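Notes follow once the structure below has been shown.
Keep in mind that what you see is a predicted model, and the values were worked out from it rather than measured. Letters A, B, ... mirror the listed sequences (proteins, then strands); counts begin at 1.
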Amino acid sequence: MKKTKILIIEDELELVSALTERLTIRGYDTHGVTNFTDGLKFIKESPDVVILDIGLPDMDGLEVLKKIKEINPSIQVIMLSGYGDDEKVSKSLSYGALDYLIKPVDIEELVSKIETAKLKKGGR
Amino acid sequence: MFALIKKFITKFSEERYFSLKFRLILLNTLFSIIPLVIVVTITYFWISQIVHDEFKNNLKWQMEETRHSLEFFISERISALTFLVNSYPEEYFTDEKKFSQLFFNFKKEFEGIIDMGIVDENGIQALYIGPYKLKGKDYSQTEWFKEMLLRTDYVTDVFLGYRKIPHFSIIIKKQSVYRDKFWLLRVSINMDILQKFASNLEISSQDDAFIINKDRILQTNSKLFGNVLEPLKLNNIRIETDKRSVTIYDIEFNRKQAYIAYAPIKGTPWILVTTICSKPYKKIPSLFTKEVTLISLLSIFVTFIVITKSINTLVNRIEKADHEREIAIANAEHSDKLASIGRLAAGVAHEINNPLAIINEKAGLMKDLIQYGDLAQNKDRFTQLIGSIQDSVARCRTITHRLLSFSKKIDRGREDFNINEAIKEVVGFIEKEIQTKGINMIFDFQENLPKIITDKGQLQQVLLNIINNAVDAVEQGGTIEIKTLLLDTNHIEISIKDNGIGIPKDKLKHIFEPFYTTKKKGTGLGLYISYGIIKKLGGDIHVESEVGKGTIFTIKIPVNPELEEIK
């Protein structure tokens with residue numbers, strides 16, 4: 001069975017590395033990057049799920065979300081938010097994000113969201 | 001008195017309110033008593049004038065009375081003597097016995113007669129009845145005898161005559177029916193009679209009443225101007241002898257103001273003169289003054305009490321209102337701080353959530369490694385992961401400490417710190433917001449600035465307020481430039497410049513006023529409080545702005561406020 005491809009875009013390197021490793025342990029094909037520029041080439045490889053931080057140093061998370069959806073609308077995006085920015089969160093949902101999680105995230109919850117995303121993508 | 005007033009009005013009062021009360025009471029009392037003083041002064045002069053006029057009228061009336069009495073005295077004797085001369089047979093004026101009888105009868109009826117004599121047409125005294133030996137004396141060269149050649153009766157001046165005693169005479173002429181011959185009946189009257197008339201005037205012992213003749217020779221003794229028959233020693237007055245009425249005018253006598261009144265006596269050569277030096281017209285105003293002073297003092301006292309009471313109440317209310325306002329502002333200041341903290345909280349939450357997320361993931365990974373891997377093989381990984389967790393905890397601690405130090409309500413007081421670092425800290429609080437808005441922060445800090453001694457928390461509150469405003473004012477990707485500069489040995493200037501929307505001129509002058517805001521959700525207290533804090537810290541703050549170009553806030557703060565206080 002083909003492994004689910006996951007891309008994490010998050011500016012905190014420590015967080016990206018730990019999360020990548022944990023998702024890899026759980027059987028996902030995971031890549032982690034700390035900015036959008038690096039993330040772009042992985043997006044072109046059509047990951048199944050993108051875990052995207054709302055605040056990125058080089059581009060606003062919402063802009064990144066729009067780009068991803070432009071490139072490939074089938075990619076499911078789970079937003080990560082550092083704080084409850086309601087406006088941004090609701091915007092991200094309207095731009096096509098699947099869901100959002102507030103840091104720090106519970107790995108089981110994240111996994112369940114990934115599974116939901118996979119199902120949703122598969123169902124398309 | 002002052003201590004009493006102070007005690008009276010300082011109830012519940014601080015020094016500044018006492019000073020306000022004192023000034024208000026003084027000013028109000030002064031203005032309240034001005035009309036009273038004006039009325040009293042006008043009344044005083046008005047009553048003085050009335051008393052003065054009254055005195056003059058009284059003097060005039062007394063002079064008229066005395067003049068009338070004297071005129072009556074003389075005219076009565078002239079009439080009686082004329083009657084004698086014309087009614088009695090000739091022998092009464094030639095026969096010594098009969099003449100003597102006539103004299104004694106006359107003397108009995110008419111007061112003041114000393115003697116009586118008949119003078120023939122040659123001026124020789126033909127008959128004489130009286131205490132002196134004057135029979136046969138020659139009067140042909142006397143003034144009165146010459147006068148009698150032309151007149152029918154005559155009253156002489158006071159003179160000494162042969163007897164060498166001051167007296168005056170009344171002379172009646174009897175014209176003979178046969179030839180062009182005549183004889184004169186002469187009676188002498190003592191000068192004391194005139195003195196008595198003069199002293200009948202009701203005047204005080206300092207005043208003087210006397211009689212003079214038309215040549216200003218005293219006809220009676222005068223207390224002030226010499227004795228009888230001496231010339232009047234008062235040259236600066238003009239006396240019009242042909243006037244009928246009483247004349248009064250004021251003169252300066254012995255360097256004092258005095259009144260002089262005179263009245264010519266009809267049918268005689270005399271003028272009645274009175275000088276008043278005693279100022280009786282001053283007595284009544286002084287009586288009036290006593291009563292008015294008492295009433296005025298009472299009114300002033302009552303006015304003072306009423307004003308003091310009302311101002312005391314008024315200022316106490318102001319003080320209370322001020323106190324309440326101060327409390328309200330202190331509360332507002334606190335809420336402003338809380339609002340700033342609220343804004344910070346969003347940024348801080350993000351900053352804290354990141355290390356928390358790291359801790360979470362690192363701990364989770366460790367759990368995963370225990371669950372899925374070989375514990376012994378991963379010992380180094382564990383050490384590395386624990387270190388990473390500890391780093392993240394330290395990061396959180398820094399953030400929480402920063403926030404706590406800022407949110408303390410109680411002023412920690414003065415401490416010494418580097419202003420550049422303090423600014424960096426403040427910017428650190430809202431870094432996320434700055435980053436999100438893509439703001440270009442420029443720090444142009446002067447190196448090696450002296451450490452400033454001031455209330456760091458309060459100064460940072462001000463800086464946060466202004467930097468927050470700048471962040472709000474700029475567009476996406478705008479620029480904020482923060483500069484520090486050592487102005488002189490004891491002053492540092494901090495300027496915060498943005499290239500935002502700017503503030504219109506008409507609004508600029510209000511921005512430090514409380515509850516004035518141009519933002520939709522602003523409290524309008526931020527800059528008002530900032531202004532208050534900077535002033536309290538001994539500094540100064542001002543703003544320049546141009547619409548469309550941006551705003552620059554400049555804060556001047558003393559390095560050591562104690563040096564300022566010494567100045």
Side-chain angles (χ1 to χ4, degrees), chain A residues 6 8-28 30 32 34-36 51-65 78-89 91-92 100-112 114, chain B residues 341-375 377-378 381-382 384-396 399 403 429-441 476-477 521:
Chain A
I6 296 174
I8 304 170
I9 312 176
E10 155 67 56
D11 60 339
E12 287 280 351
L13 180 64
E14 292 276 318
L15 188 59
V16 174
S17 63
L19 209 53
T20 309
E21 199 172 345
R22 293 191 77 190
L23 289 177
T24 308
I25 288 171
R26 280 167 179 76
Y28 298 107
T30 317
T34 55
N35 54 60
F36 172 66
I51 297 164
L52 174 64
D53 188 16
I54 253 178
L56 285 179
D58 55 347
M59 194 187 271
D60 185 60
L62 290 176
E63 293 299 313
V64 178
L65 172 63
I78 298 166
M79 302 299 290
L80 278 188
S81 166
Y83 56 105
D85 190 334
D86 298 341
E87 203 184 346
K88 276 197 168 181
V89 165
K91 266 189 185 168
S92 68
Y100 71 92
L101 288 169
I102 290 175
K103 291 183 210 171
V105 295
D106 177 27
I107 194 76
E108 300 310 329
E109 199 184 348
L110 180 61
V111 168
S112 107
I114 291 168
Chain B
I341 291 164
R343 190 165 174 171
L344 283 183
V348 169
H350 192 279
E351 277 197 71
I352 279 197
N353 278 347
N354 273 339
L356 277 182
I358 294 167
I359 292 164
N360 186 49
E361 297 316 323
K362 297 283 175 185
L365 185 56
M366 283 162 80
K367 200 177 161 193
D368 290 350
L369 288 175
I370 293 165
Q371 210 172 338
Y372 303 106
D374 181 355
L375 206 62
Q377 272 184 355
N378 288 312
R381 284 289 326 261
F382 271 80
Q384 188 203 344
L385 287 169
I386 290 165
S388 192
I389 289 171
Q390 282 172 334
D391 287 348
S392 296
V393 170
R395 217 172 117 187
C396 287
I399 297 160
L403 184 66
F429 295 149
I430 50 170
E431 203 162 16
K432 198 73 199 171
E433 208 170 336
I434 291 168
Q435 209 178 71
T436 309
K437 218 168 171 181
I439 294 166
N440 178 26
M441 291 293 304
Q476 190 78 26
K521 286 181 181 172

Practice problem: Find the distance between CD (Gln435(B)) and CG (Asp60(A)) and round it off to the nearest 0.5 Å. | Solution: 10.5 Å

Quiz item: Would you find more than 12 non-hydrogen atoms of other residues, nucleotides or ligands less than 6.0 Å from Tyr100(A) atom OH?
Solution: no

Self-check item: Lys437(B) atom NZ: more than 12 heavy-atom contacts under 6.0 Å
Solution: yes

Practice problem: Could you check if a side-chain atom of Arg26(A) sits within less than 4.5 angstrom of a side-chain atom of Asp368(B), using non-hydrogen atoms only? | Solution: yes

Self-check item: Sub-4.5 Å side-chain heavy-atom contact between Asn354(B) and Lys103(A)
Solution: yes

Quiz item: Among Val16(A), Ile107(A), Leu19(A), which has the most heavy-atom pairs under 4.5 Å with chain B?
Solution: Leu19(A)

Quiz prompt | Smallest separation among heavy atoms of Asn353(B) and Pro104(A), with atom names | solution = OD1-CD, 4.3 Å

Quiz item: How far apart are the closest heavy atoms of Ile25(A) and Leu365(B), and which atoms are they?
Solution: CD1-CD1, 3.8 Å

Quiz item: After noting the C-alpha distance and the side-chain angles of Glu361(B) and Glu12(A), does the key distance pass the side-chain contact (heavy atoms from CB on, under 4.5 Å) rule?
Solution: CA-CA 12 Å; Glu361(B) 297 316 323; Glu12(A) 287 280 351; over 6 Å; no

Practice problem: Among the options Gln371(B), Arg381(B), Lys367(B), pick out the one with the most heavy-atom pairs lying under 4.5 Å from chain A. | Solution: Arg381(B)

Quiz item: Is the shortest side-chain N to carboxylate O distance from Glu14(A) to Arg395(B) below 4.0 Å?
Solution: no

